[in-house]
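Some notes on the structure that comes next.
Order of appearance sets the numbers: ligands from 1, and atoms from 1 within every ligand.
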Amino acid sequence: MILENRYLEMAKTLHQNYPVVDAHLDLAGELFFRKQNGEENPLRSHYLKNLRTGGFRIIVSSVYLRDDQLPEGGLRAALDQISALLEAIEQNEEFCLIRSVEDMEQSLKKNQIGIVLYMEGLDCIGKDIKLLRILWELGVRGASLTWSRRNDLASGCCRAGQKIQISGGLSPEGVSAVQEAERLGMFLDISHLNDDGFEDICKVAKRPFVATHSNSQSVFFNYRNLNDSQMLRLAEREGIIGLNGCDCIVGCVNGENPLEMLCRHVEYAVALIGIEHVGLGLDFCDSYGDAEPGYTCVKSRHDCLIDHSHVPELTAALLQRGMDTEDVKKIIGGNWIRYFGRMLPKEQNLT
Ligand SMILES: [Zn+2]
């Protein structure tokens, strides 16, 4: 798909004038690895310029643990990542941690880039549900129960690398984790959860839940993507689906045009569940992969766009294909800001 210059210019202007939100980036883990590798200020050197160019004002940072860190090292690895993220925010006045609506409003007003911290899987707490409160105190404002694996709380949509759906819903502790997370005020993320787990979340969750980084199975079948019924029920409960920009989730594995495929996912979701329920959760992972220790060969790239500075190209593509400017604003950030405005505590109150 060839972008016309006038749409690219319109998109760049939009991104500078309206806040853009990425609801999924493995930032905390990457910062931890890069600091371990001796980098002084990786948030500034790898992200500040690109985020500014892309107009990003809110990033949802996951805390994601690798299999080899579990189970024993999980809690420590999670705390190490949170520590690396908080230190990076402290080092850079252009960034701040968003723990409340007040924080979000201040950060937008001061033209900072706000970071919302969330757990991608709660493996690190095992069955110890009361530790959710400690995570909350550290600034964690959301959680998914599991990544693509089984843990004490739930089962993932498939074992990573094997396309086999794991059956079985939430454990009793998983149900308690949902209840406690909601009591504290955390948002719930169902990306990576299996189908049985999704059904259980629908029964247990009282507040709107989201899929921070999943696409549509009807556009591209992958266990990580959601089927139509799941997308509809998520939207009925006033949740949001964040468009994933990783090639294997988007469906760019056989030479498909990435922009075209990303647009198809957005347009399908908008047509099925409505404009209010679609956002970005780009899940860019190439930079994370570069930082990961043990990396010895040139990796293939997985991100459908080069980095955050190139996201206006997606906006330009949507505009060029006929999407209305007001609708585009909702997708690039407006919907997530509305959601966090509703879900975050009003002030930075502790429990
Ligand atoms: Zn993920």
If the plane angle is over 60° it's perpendicular, under 30° parallel, otherwise tilted; pick one for Y339 and F187.
perpendicular

What residues form a salt bridge (charged side-chain N to carboxylate O under 4.0 Å, His left out) with E4, not counting sequence neighbours?
R6

Have a look around the Zn ion (ligand 1) and list protein N/O/S atoms under 2.8 Å, or say none.
E120 OE2, H192 NE2, H213 NE2

For R321, check salt bridge (charged side-chain N to carboxylate O under 4.0 Å, His left out) against everything at least two apart and list the hits.
E260, E267

Report the residues that fulfil salt bridge (charged side-chain N to carboxylate O under 4.0 Å, His left out) with D123, sequence neighbours left out, ordered by chain and then residue number.
R149

Between R338 and E276, does the salt bridge (Lys or Arg N to Asp or Glu O under 4.0 Å) criterion hold? Intermediate values first, please.
CA-CA 9 Å; R338 186 191 72 243; E276 311 289 332; 3.0 Å; yes

Is it the case that the side chains of H24 and D26 hold a donor-acceptor pair, with the cut-off being a distance below 3.5 Å and no angle test?
yes

